[in-house]
Amino acid sequence: MADHDQMDGLENAQDDGAMVPGSVLITEESIRRRVGELGAQIAADYAGRPPLLIGVLKGAFVFMADLARAIHLPVEMDFMAVSSYGTATKTSGIVRIVKDLDADLTDRHVLIVEDIVDSGLTLSYLLKGLLARGPATLAVCSLLVKEGQQRARFDVPYVGFTIPAKFVVGYGLDVAERYRNLRDVWVLDVGDEE
Ligand code: IMP
Ligand code: MG
């Protein structure tokens, strides 16, 4: 990242009333541009069959709000919340549905909206469960995918950014519920950098 990007990030962070021990990985402006592209691509792919967007809480709430407004189709939206057991920064693959959907998925074109795919275990659990509810199609749009981390096999047709295997916060993503309100995506400095 160029220096001025980092400066922009710092100013934003101060505006947001929070300082992050780390550095900006993806600026607000790059996110805005990429979300616009994803929206246009999804609108083209789903023309004539507007999708039901399913946001996975809480991490996807910011992305969902921006993405939904970038898709110029009469989309519907629903949310579900899952909690994965594990440590603060690693998933175990054991997932519990904390809030289920209101919508019936039968014969719907369903697009899951996720913040980040790391090991892929959370998403693979979700996909299995939602497939069993009889959607016409089921696909995934994730803002971020971590490089080389996937332990589960599935296709993510819509990816915002592929990022290095570092822990990130901002734009909906948290550590211990903090930093979700930052406008940029930041790498959290965990002091184990090479
Ligand atoms: P997975 O099951 O390992 O793919 O992890 C998925 C979930 O863990 C995501 O939906 C996030 O909620 C959380 N997560 C994974 N990596 C990060 C990160 O770098 N920052 C914040 N949350 C993360
Ligand atoms: Mg998530």
Side-chain angles (χ1 to χ4, degrees), residues 1-2 4-13 15-16 18 20 22-82 103 108-118 120 122-123 126-127 137-147 149-150 154-175 178-188:
M1 288 286 122
H4 68 269
D5 284 345
Q6 302 215 0
M7 289 310 296
D8 287 344
L10 283 171
E11 282 155 20
N12 284 339
D15 289 344
D16 291 339
V20 187
S23 51
V24 171
L25 181 66
I26 310 170
T27 62
E28 177 181 14
E29 176 54 26
S30 336
I31 297 170
R32 198 192 55 75
R33 214 178 310 123
R34 185 73 189 114
V35 171
E37 290 169 1
L38 285 172
Q41 194 188 339
I42 290 167
D45 292 353
Y46 285 86
R49 43 170 199 142
L52 168 65
L53 306 179
I54 295 183
V56 184
L57 297 171
K58 302 172 194 168
F61 84 103
V62 179
F63 179 43
M64 177 80 156
D66 286 344
L67 182 70
R69 286 176 293 176
I71 302 172
H72 296 168
L73 290 175
V75 298
E76 290 174 36
M77 280 169 258
D78 202 351
F79 293 90
M80 67 191 296
V82 297
R108 299 302 304 270
H109 295 284
V110 175
L111 184 58
I112 300 178
V113 179
E114 253 288 27
D115 52 356
I116 187 165
V117 178
D118 183 5
T122 304
L123 198 52
L126 268 184
L127 283 170
T137 61
L138 181 61
V140 178
C141 177
S142 187
L143 176 72
L144 306 172
V145 173
K146 277 193 203 176
E147 231 157 40
Q149 295 300 290
Q150 288 74 48
F154 52 80
D155 185 38
V156 181
Y158 305 101
V159 176
F161 302 89
T162 302
I163 63 165
K166 306 250 159 119
F167 199 81
V168 292
V169 297
Y171 199 71
L173 291 121
D174 75 306
V175 61
R178 291 184 65 186
Y179 308 128
R180 293 191 195 276
N181 57 329
L182 297 177
R183 294 168 177 274
D184 310 283
V185 170
W186 292 66
V187 172
L188 203 61

Go through the steps for Leu25 and Lys166 under the test side chain to side chain contact (heavy atoms under 4.5 Å, CB included), then give the verdict. CA-CA 10 Å; Leu25 181 66; Lys166 306 250 159 119; over 6 Å; no
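- The closest side-chain heavy-atom distance from Val156 to Glu114 is not below 4.5 Å.
- If you run side chain to side chain contact (heavy atoms under 4.5 Å, CB included) between Tyr171 and each of Leu143, Asp115, Asn181, only Leu143 comes through.
- Under the 4.5 Å side-chain criterion, counting only non-hydrogen atoms from C-beta, Arg180 is not in contact with Val62.
- Side-chain atoms of Ser142 and Val159, non-hydrogen and from C-beta on, never get closer than 4.5 Å to each other.
- A donor-acceptor pair under 3.5 Å links the side-chain atoms of Asp184 to the main chain of Glu28, judged by distance alone.
- Judged by distance alone, the side chain of Lys58 and the main-chain N or O of Ala81 form no donor-acceptor pair under 3.5 Å.
- With Phe63 as reference, Leu38 is the one residue of Ile31, Val56, Leu38 to meet the side chain to side chain contact (heavy atoms under 4.5 Å, CB included) rule.
- In this structure, Thr162 OG1 and Lys146 NZ are separated by 13.0 Å, a value rounded to the nearest 0.5 Å.
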Pair Phe161-Val168, side chain to side chain contact (heavy atoms under 4.5 Å, CB included): steps then yes or no: CA-CA 12 Å; Phe161 302 89; Val168 292; over 6 Å; no
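- Expressed to the nearest 0.5 Å, how far CD1 of Ile112 lies from SG of Cys141 amounts to 11.0 Å.
- Atoms CG and CG, from Leu173 and Leu144 in turn, are 6.0 Å apart once rounded to the nearest 0.5 Å.
- Note on ring orientation: taking the six-membered ring where Trp is involved, the planes of His109 and Tyr46 are perpendicular (angle over 60°, cut-offs 30° and 60°).
- For the atom pair OH (Tyr158) and CG (Asp45), the distance works out to 3.5 Å, reported to the nearest 0.5 Å.
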Quick one: do Tyr179 and Asp174 satisfy side chain to side chain contact (heavy atoms under 4.5 Å, CB included)? Show the steps, please. CA-CA 5 Å; Tyr179 308 128; Asp174 75 306; 5.9 Å; no
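- When Thr122, Leu123, Val145, Ile163 are each tested for a side chain to side chain contact (heavy atoms under 4.5 Å, CB included) with Ile116, only one passes: Ile163.
- The distance from the CG atom of Asp66 to the CZ atom of Arg34 is 14.0 Å, given to the nearest 0.5 Å.
- Annotation: side chain of Ile71 is in contact with side chain of Leu53 (closest heavy-atom distance under 4.5 Å).
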Could you check Val140 against Leu126 for side chain to side chain contact (heavy atoms under 4.5 Å, CB included), going step by step and ending with a plain yes or no? CA-CA 11 Å; Val140 178; Leu126 268 184; over 6 Å; no
